[in-house]
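Here the structure comes first, spelled out in structure tokens, and everything after it is commentary.
For reference, positions follow the sequence shown, starting with 1.
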Amino acid sequence: LVAACGGGEQREAKYLQRGKVLFEQGDFVKAELEFRNVLQVNPDSADAQYYLGLIAEQEGDWQQAFARFRQVTERKPDFVPAHIRLGHLYLLAGDVDRADQAASAAARLEPDATDLYPLRAAVFLRRDQLAQAREQAEKALARAPEHIPAAIALASVQVREGAADQAIATLDRSIARNRGNISLRLMKIKINLERGRLDDAVVTYRDLMTVQPAVFAHRAALAQLFLSRGRVGEAEAVLREAIAAQVGGEQAKLALVDLLVHRDGLA
């Protein structure tokens, strides 16, 4: 019996470690399998549930992510990262008060957690308390200059303050430290489009395409951006590049056909 228990713990640790490595590599499908293996061995594993929640977030399944994180906090109330993730999901749903409660729960357990500052910054931002939001974001960046949520929070404050150039600079510094990150670039595109800098947004889309060359969504978004500005030839070129690079498969071909039909008509 003792040997069986020891073997179970070893298998759990092996699956968990393998899952974490795969998660960091961005292979969420295989990582999910490993974390589910952990739960087969130990259904109460808070770590496995937490990572499954993170994977659900990556896939845009907010309901599943919320259920996972809440289950973690119920089974292991002192699991600070789960409280923080719940706070961000509450914000996503527009429930600022519950997000604040989640932040307070995390703060009672670990008041100096770096990940807590961006959550608090986001809560302050939703309440139009820009000075407090800036203070929280800057505290996180002082401790961890590579911290992505903190950079996004600070850039959001700067945009609200009317300092879009500063926000772009903040994002550029964070991109330099996090070359593989997508969300920083998407925010940069959004800011540039809002201030009418189309060419700058196009440059960032091109950068996205180098970071994730196999993701058709970035190429489709760039083509749609060109179309929305009446730059049909450039939109067509983007789709033809995708087809030549074998990115997007039938989706890319259908998008090109749709563009040509609308441009030339059915004749």
Given the rule in the side-chain contact (heavy atoms from CB on, under 4.5 Å) test, do Q224 and V238 qualify, once you have shown the distances and angles that lead to the verdict?
CA-CA 10 Å; Q224 186 57 47; V238 169; over 6 Å; no
From [X] [atom1] over to [Y] [atom2], what is the distance, rounded to the nearest 0.5 angstrom?
| X | Y | atom1 | atom2 | value |
| --- | --- | --- | --- | --- |
| Q17 | L22 | CD | CG | 10.0 Å |
| L256 | L260 | CG | CG | 4.5 Å |
| L171 | R173 | CG | CZ | 9.0 Å |
| L227 | D258 | CG | CG | 9.0 Å |
| R197 | I191 | CZ | CD1 | 11.5 Å |
| I243 | E241 | CD1 | CD | 10.5 Å |

Would you say CZ of R98 has more than 12 non-hydrogen atoms from neighbouring residues, nucleotides or ligands within 6.0 angstrom?
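Counting neighbours around CZ of R98, 12 or fewer heavy atoms of other residues, nucleotides or ligands fall under 6.0 Å, so no.
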Might you confirm whether atom CD of Q40 has over 12 heavy atoms from other residues, nucleotides or ligands at distances under 6.0 Å?
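Counting neighbours around CD of Q40, 12 or fewer heavy atoms of other residues, nucleotides or ligands fall under 6.0 Å, so no.
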Donor-acceptor contact below 3.5 Å, side chain [X] vs main chain [Y]:
| X | Y | value |
| --- | --- | --- |
| H83 | P77 | yes |
| R219 | L239 | no |
| S228 | L225 | yes |
| R120 | D100 | no |

With no hydrogens and no angle check, do the side chains of [X] and [Y] hold a donor and an acceptor under 3.5 Å apart?
| X | Y | value |
| --- | --- | --- |
| Q64 | R68 | yes |
| S174 | E146 | no |
| N181 | S183 | yes |
| Y205 | D200 | no |

After noting the C-alpha distance and the side-chain angles of F79 and F69, does the key distance pass the ring-ring contact (aromatic ring centres under 6.0 Å, His included) rule?
CA-CA 10 Å; F79 200 107; F69 295 140; 9.1 Å; no
Side chain proximity check, [X] to [Y], heavy atoms < 4.5 angstrom:
| X | Y | answer |
| --- | --- | --- |
| D112 | Y117 | yes |
| K188 | T170 | no |
| P118 | Q136 | no |
| E57 | L89 | yes |
| R134 | E161 | yes |
| L119 | R85 | no |
| V38 | D47 | no |
| D97 | D95 | yes |

Just to verify, which of F28, F35, Y15 counts as forming a ring pair (Phe, Tyr, Trp, His ring centres under 6.0 Å) with Y51?
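The single option meeting the ring pair (Phe, Tyr, Trp, His ring centres under 6.0 Å) with Y51 is F35.
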Please step through side-chain contact (heavy atoms from CB on, under 4.5 Å) for the pair L16 and E34, ending with a clear verdict.
CA-CA 7 Å; L16 188 62; E34 296 295 342; over 6 Å; no
Trace of the side-chain contact (heavy atoms from CB on, under 4.5 Å) decision for F66 with L86:
CA-CA 6 Å; F66 180 84; L86 275 177; 3.5 Å; yes
M187 and side-chain contact (heavy atoms from CB on, under 4.5 Å): which partner among I168, I152, N192, T204?
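Single side-chain contact (heavy atoms from CB on, under 4.5 Å) partner of M187 among I168, I152, N192, T204: I152.
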The criterion is side-chain hydrogen bond (donor to acceptor under 3.5 Å, both in side chains); which residues satisfy it with H147, sequence neighbours excluded?
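H147: side-chain hydrogen bond (donor to acceptor under 3.5 Å, both in side chains) contacts with D115.
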For Q212, what residues pass the side-chain hydrogen bond (donor to acceptor under 3.5 Å, both in side chains) criterion, not counting sequence neighbours?
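Here the qualifying residues are H218.
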Path from [X] to [Y] over hydrophobic side-chain contacts below 4.5 Å:
| X | Y | answer |
| --- | --- | --- |
| L109 | V123 | yes |
| L184 | V215 | no |
| W62 | L54 | yes |
| L91 | I84 | yes |
| L222 | V232 | no |

Kindly determine whether K20 and E24 satisfy salt bridge (Lys or Arg N to Asp or Glu O under 4.0 Å), including the steps that lead there.
CA-CA 6 Å; K20 289 179 179 180; E24 292 301 323; over 6 Å; no
What pair of heavy atoms forms the shortest contact from [X] to [Y], and how long is it?
| X | Y | result |
| --- | --- | --- |
| A82 | T73 | CB-CG2, 3.7 Å |
| Y50 | P81 | OH-CB, 3.4 Å |
| S156 | L125 | CB-CD2, 3.5 Å |
| V80 | A106 | CG1-CB, 4.0 Å |
| A140 | A150 | CB-CB, 3.5 Å |
| A121 | A137 | CB-N, 4.0 Å |

Checking side-chain contact (heavy atoms from CB on, under 4.5 Å) for the pair Y90/V96: CA distance, chi angles, key distance, verdict?
CA-CA 7 Å; Y90 280 127; V96 181; over 6 Å; no
Indicate yes or no: does D172 engage R179 in a salt bridge with an N to O separation below 4.0 Å.
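No, this pair does not count.
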So, using side chain to side chain contact (heavy atoms under 4.5 Å, CB included) as the criterion, who are the partners of Q129 when residues are at least two apart?
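Only F124, R127, Q132 meet the side chain to side chain contact (heavy atoms under 4.5 Å, CB included) criterion with Q129.
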Show the numbers, then the answer: is there a salt bridge (Lys or Arg N to Asp or Glu O under 4.0 Å) between K14 and E9?
CA-CA 9 Å; K14 180 181 70 175; E9 291 175 357; over 6 Å; no
